[in-house]
Amino acid sequence: LEEDLPYLAKPLSDEEKTFFREGRWKLFASGIGITVLITVLSALFGTGIGFLLFLIYRRRNRIFNGIFHVLMDILEKTPVVVILMILYYIVFGKLDINAVLVASLGLSMKFSVRVFGLFRIGVGSVGKGQTEAALAIGFTKTQTFLRIVMPQAARSIWVCPLRRGGS
């Protein structure tokens with residue numbers, strides 16, 4: 001019967017057989033679900049970690065910031081696959097840990113580096129005069145950061161990348 005099919009219909013018949021009759025579509029659906037889960041977890045944890053690292057960085061501890069710059073540089077320049085392999089096979093190699101959790105952790109680390117950079121650039125775009133004026137009228141450093149600096153930095157963080165074309 002397959003010999004009677006035209007040349008172009010035969011590959012379609014093979015794909016249909018493999019994908020539908022053998023139930024491989026379930027593997028694709030499962031893979032999409034896992035990919036979405038890893039993406040959401042990495043975005044949430046990466047954003048939180050990146051923001052916390054930025055808050056620690058703002059304290060201007062020379063020793064911490066020196067170590068921090070080296071680690072951030074290494075993380076930024078290391079390919080994601082290498083980070084995932086190191087985490088899965090070396091760091092968590094002896095533990096029976098879920099691969100999805102390890103992937104979420106590795107991608108969260110990469111994501112946090114980008115978030116940290118965005119916060120640093122965004123907060124750096126707010127003029128020093130804004131902070132000085134808020135402190136002069138009696139705001140605390142925390143109030144100044146949350147009420148004055150962050151709303152203005154948010155514009156640089158979210159709007160400017162959209163104008164540049166999303167990169």
Side-chain angles (χ1 to χ4, degrees), residues 28-167:
F28 283 97
S30 172
I32 290 170
I34 290 171
T35 300
V36 169
L37 176 66
I38 291 171
T39 302
V40 169
L41 290 175
S42 299
L44 290 174
F45 291 131
T47 301
I49 293 167
F51 184 68
L52 286 175
L53 291 174
F54 174 73
L55 292 177
I56 294 169
Y57 176 81
R58 283 182 48 87
R59 293 183 178 241
R60 303 198 197 296
N61 181 337
R62 286 181 178 231
I63 295 170
F64 173 79
N65 286 354
I67 295 168
F68 185 69
H69 276 295
V70 171
L71 292 175
M72 294 295 269
D73 198 38
I74 291 169
L75 263 177
E76 191 172 27
K77 292 179 180 174
T78 305
V80 176
V81 173
V82 173
I83 291 172
L84 294 176
M85 289 174 64
I86 289 170
L87 285 174
Y88 190 75
Y89 292 112
I90 297 172
V91 176
F92 298 112
K94 302 281 187 206
L95 302 174
D96 185 26
I97 192 165
N98 190 340
V100 173
L101 185 62
V102 174
S104 297
L105 176 65
L107 294 173
S108 294
M109 291 167 55
K110 277 297 254 198
F111 199 87
S112 66
V113 171
R114 300 294 181 193
V115 169
F116 171 80
L118 282 173
F119 276 112
R120 199 172 79 188
I121 291 169
V123 170
S125 71
V126 178
K128 300 274 187 222
Q130 300 288 332
T131 303
E132 293 169 359
L135 293 172
I137 62 171
F139 279 27
T140 64
K141 287 184 177 182
T142 304
Q143 288 174 326
T144 301
F145 182 73
L146 293 176
R147 293 185 182 178
I148 307 297
V149 175
M150 276 310 291
Q152 293 179 57
R155 181 162 161 57
S156 296
I157 292 170
W158 296 110
V159 175
C160 290
L162 294 177
R163 286 190 188 152
R164 288 192 303 257
S167 57

Extract all donor-acceptor atom pairs below 3.5 Å that involve side chains of residues 86-100 and protein atoms in other chains or at least two apart in sequence.
{"unit_1": "N98", "atom_1": "OD1", "unit_2": "V100", "atom_2": "N", "d": "3.0"}

Looking at residues at least two apart in the chain, or sitting in another chain, which of them share a side-chain contact (heavy atoms from CB on, under 4.5 Å) with [X]?
X    : answer
F145 : F51, F54, L55, R58, V123, V149, M150
I137 : F139
F111 : A43, T47, V115

Measure the spacing between [atom1] of [X] and [atom2] of [Y] and express it to the nearest 0.5 Å.
X    : Y   : atom1 : atom2 : result
L107 : L84 : CG    : CG    : 5.0 Å
F68  : Y57 : CZ    : OH    : 8.0 Å
L75  : M72 : CG    : CE    : 7.0 Å
T78  : I83 : OG1   : CD1   : 5.0 Å
L105 : F45 : CG    : CZ    : 9.5 Å

What heavy-atom pair brings [X] and [Y] nearest, and what distance separates the two atoms?
X    : Y    : result
S125 : G122 : OG-O, 2.6 Å
S42  : S108 : CA-OG, 3.3 Å
L146 : P151 : O-CD, 3.4 Å

Quick one: does Q130's side chain have a donor or acceptor within less than 3.5 Å of a partner on G127's backbone?
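Not a single qualifying donor-acceptor pair exists.
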Are the side chain of K110 and the backbone of G46 linked by a donor-acceptor contact shorter than 3.5 Å?
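Pair absent, no side-chain N/O of K110 close to backbone of G46.
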With side chain to side chain contact (heavy atoms under 4.5 Å, CB included) as the test, would you mind laying out the steps for V113 and M109 before giving the verdict?
CA-CA 7 Å; V113 171; M109 291 167 55; over 6 Å; no
Quick one: list whatever passes salt bridge (charged side-chain N to carboxylate O under 4.0 Å, His left out) with K77, sequence neighbours left out.
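K77: salt bridge (charged side-chain N to carboxylate O under 4.0 Å, His left out) contacts with D73.
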Could you pull out all donor-acceptor pairs under 3.5 Å where a side-chain atom in residues 32-41 meets a protein atom, sequence neighbours excluded?
{"unit_1": "T35", "atom_1": "OG1", "unit_2": "G31", "atom_2": "O", "d": "2.7"}
{"unit_1": "T39", "atom_1": "OG1", "unit_2": "T35", "atom_2": "O", "d": "2.7"}

